[in-house]
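Note that the numbering runs from 1 along the sequence shown for the chain. Because the structure is predicted, anything quoted here is derived from the model rather than measured.
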Amino acid sequence: MRQLLFTGFNAFGQHEFVNSPHDERAASASAVCAGFSELNAHDGGNSNSNSKKNQCTISIAWRYTAYALDRKLRLRGLLETEPGDCVEVEAPGEIKALAAGDSHCLVLLYTGELYKIQPKLEATLQAIRLESPPRPSTATKRTIFGAAKAPAPPIIEHIACGTNINVAISSENAVYSIPSCLHQFPDRQWRVQQLECGHEHALLLNGNGDVYTWGNGLRGQLGQMALGVEETPQLIEALAGIKITGIAAGGWHSAAISAFGDLYTWGLNCSGQLGMRVMKPGGLLKEPTVYPLPQLHDLPECCCSSRENESGDDEGVCEPLRVFAGSRHTLLLRRCGRLWASGWCIHGQLGKQLCEQNFLDSFQALDGVGVDLDFVNGLCGPWATLLVVTAKQKKSVSSADAIS
């Protein structure tokens, strides 16, 4: 049985909790859920089916959260004037992915069709028409009667949404700044593995392990030597030749994990979100605030009870596996199953143990999280963190008190 565990900003009643002792609308006056608590996703997170289509899809924006299960889409939060508002709509097909932004939520169907919906009580799904990518100068396809055939609409496979950026990638590797075609990668064998957006920038990881970035890079979030704006995807030369297996885009920072188990972060470090010191020893001078090039981390040794690998020793069992990023915080999953975190934590986005601090400027293990749980997936909202987990040996965990 899968569980959804949430911690962080909930001032607008974006999230409904399991076994809540009081009214959720009244609870919205409390801005922080400090500690991982189980969400009620209307059985979407607890599906026993192995089919991804029967599992709840979630995307978290600042003032609302979007949930999807099969064809049903639900937006909850501050939709107009009242916290805890909710609107439900039905899509014309099964929903594959969501990308929630401040002004609208992108909705991708398994058919490759793309829609958007505004976070309003009377909102409806609106189809997005994307412009056709430039095509090579080949003969025009015609019907048997000689009429020119209209080009087929693009089939979208990946979407991501930020505060000021909306991106979609088609099955033919066309990159869209919705609705315009921004770039066309030439090699059809070239495949996108992951797409992420920050407030103003985008990261793309392909199957070769290369990372491309574009958008606003004035805070170093593009991983390029020069600070500036890139209109089209640019390869991060500093990571060229290193096979990257996972990426994350925070508000104005970025992160990547390599196949060798190395963690790289770059961009803005105002709250320690890069896992790097904010103040020099003694606290008199600040360290650099912006790191434009990827920084290789020497992570602290994991203090957990390591699991032995197949060879019988525990060498390398705590290497980084996955990385997630919010507006100003970063979470890291290590092979042993424990979560580590760094960055801004004033809204409880790093869990109960750190909620009394303003920020954490080095990666620290979150005590208890992962000890009785098998990590499945995770995502970060701007000021929040959500974990998708399964309980080990039929243990049920529903609150931070049970896991930390």
Would you call [X] and [Y] a side-chain contact if the rule is heavy atoms closer than 4.5 Å?
X      : Y      : answer
Tyr67  : Ser59  : no
Ile257 : Asp262 : no
Thr65  : Ile58  : yes
Leu4   : Val388 : yes
Val167 : Ile159 : no
Gln349 : Cys380 : no
Val323 : Leu331 : no
Tyr64  : Phe12  : no

Taking atom [atom1] of [X] and atom [atom2] of [Y], what is their separation to the nearest 0.5 Å?
X      : Y      : atom1 : atom2 : answer
Cys56  : Leu98  : SG    : CG    : 8.5 Å
Leu79  : Glu122 : CG    : CD    : 11.0 Å
Ser171 : His158 : OG    : NE2   : 10.0 Å
Ile155 : Leu109 : CD1   : CG    : 12.5 Å
Gln273 : Thr265 : CD    : OG1   : 9.0 Å
Thr213 : Glu196 : OG1   : CD    : 13.5 Å

For [X] and [Y], which heavy atoms make the closest approach, and how far apart are they?
X      : Y      : result
Ala365 : Arg338 : CB-NH2, 3.8 Å
Leu366 : Leu350 : CD2-O, 3.2 Å
Leu235 : Ala240 : CD2-CB, 4.4 Å
Ile117 : Ala123 : CG1-CB, 3.6 Å
Gly223 : Leu293 : O-CD2, 3.7 Å
Ser271 : Phe359 : O-CB, 3.2 Å

Could you point out which residue of Asn377, Thr385, Leu386, Thr330 forms a side chain to side chain contact (heavy atoms under 4.5 Å, CB included) with Phe324?
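Output: one option passes, namely Asn377.
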Hey, which of Ile169, Asn206, Val175 is the one that makes side chain to side chain contact (heavy atoms under 4.5 Å, CB included) with Val192?
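Only match with Val192 under side chain to side chain contact (heavy atoms under 4.5 Å, CB included): Ile169.
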Please determine whether side chain to side chain contact (heavy atoms under 4.5 Å, CB included) holds for the pair Cys86 and Arg74, giving the CA-CA distance in whole Å, both sets of side-chain angles, and the decisive distance to 0.1 Å.
CA-CA 7 Å; Cys86 183; Arg74 185 170 182 259; 3.2 Å; yes
Would Phe6 and Ser37 count as a side chain to side chain contact (heavy atoms under 4.5 Å, CB included) here? Give the steps.
CA-CA 5 Å; Phe6 172 87; Ser37 299; 5.9 Å; no
Listed partners of Glu287 passing salt bridge (charged side-chain N to carboxylate O under 4.0 Å, His left out), at least two apart
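Lys280.
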Salt bridge (charged side-chain N to carboxylate O under 4.0 Å, His left out) partners of Arg219, counting only residues at least two apart:
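Arg219: salt bridge (charged side-chain N to carboxylate O under 4.0 Å, His left out) contacts with Glu200.
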Set of residues satisfying ring-ring contact (aromatic ring centres under 6.0 Å, His included) with respect to His183, sequence neighbours excluded
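Scan of His183 (ring-ring contact (aromatic ring centres under 6.0 Å, His included), adjacent residues dropped) gives Phe185.
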Partners of His297 by ring-ring contact (aromatic ring centres under 6.0 Å, His included), sequence neighbours excluded?
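Expected list: Phe363.
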Mark yes or no for whether [X], through its side chain, and [Y], through its backbone, hold a donor-acceptor pair below 3.5 Å.
X      : Y      : answer
Asn269 : Met276 : yes
Ser170 : Glu172 : yes
Ser258 : Ile242 : no
Gln221 : Asn216 : yes
Arg334 : Cys318 : yes
Gln224 : Gly217 : no
Trp266 : Gln295 : no
Asp102 : Thr163 : no
Ser177 : Leu182 : no

Gln234 and Thr232: side chain donor to acceptor below 3.5 Å
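Per modelled atom types, Gln234 and Thr232 side chains form a pair under 3.5 Å.
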In terms of side-chain heavy atoms, does His199 have a donor or acceptor partner in Ser327 at a distance below 3.5 Å?
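His199 vs Ser327: donor-acceptor pair found between side chains.
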Pairing residues for Asn166 by the side chain to side chain contact (heavy atoms under 4.5 Å, CB included) criterion, not counting sequence neighbours:
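Partners of Asn166 under the side chain to side chain contact (heavy atoms under 4.5 Å, CB included) test: His104, Leu106, Cys161, Ile178.
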Check the pair Ile95 / Leu108 against side chain to side chain contact (heavy atoms under 4.5 Å, CB included), numbers first and verdict last.
CA-CA 6 Å; Ile95 298 173; Leu108 176 62; over 6 Å; no
Near Met279 CE, under 6.0 Å, is it more than 12 heavy atoms from other residues, nucleotides or ligands?
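Yes, enclosed.
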For atom NZ of Lys120, is the number of surrounding heavy atoms from other residues, nucleotides or ligands below 6.0 Å larger than 12?
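No, NZ of Lys120 has 12 or fewer neighbouring heavy atoms, counting only those of other groups under 6.0 Å.
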With side chain to side chain contact (heavy atoms under 4.5 Å, CB included) as the test, would you mind laying out the steps for Leu299 and Leu332 before giving the verdict?
CA-CA 11 Å; Leu299 291 170; Leu332 181 69; 3.6 Å; yes
Before accepting this row, confirm whether a basic side-chain N of the pair Glu94/Lys72 lies closer than 4.0 Å to the acidic partner's carboxylate O.
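No, this pair does not count.
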Side chain to side chain donor-acceptor pair (under 3.5 Å) between Ser254 and His201, intermediate numbers included
CA-CA 9 Å; Ser254 306; His201 75 292; 2.9 Å; yes
Would you call the rings of Phe17 and His15 parallel, tilted or perpendicular, where under 30° means parallel and over 60° means perpendicular?
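Answer is tilted, since the angle falls between 30° and 60°.
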Sequence neighbours excluded, which residues qualify as side chain to side chain donor-acceptor pair (under 3.5 Å) partners of Gln14?
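Side chain to side chain donor-acceptor pair (under 3.5 Å) list for Gln14, sorted by chain: empty.
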Trace of the ring pair (Phe, Tyr, Trp, His ring centres under 6.0 Å) decision for Trp344 with Phe9:
CA-CA 12 Å; Trp344 201 35; Phe9 184 75; 9.5 Å; no
How far apart are the C-alpha atoms of Arg76 and Glu88, what are their side-chain angles, what is the distance that settles it, and do they pass the salt bridge (charged side-chain N to carboxylate O under 4.0 Å, His left out) test?
CA-CA 9 Å; Arg76 178 184 170 94; Glu88 296 185 1; over 6 Å; no
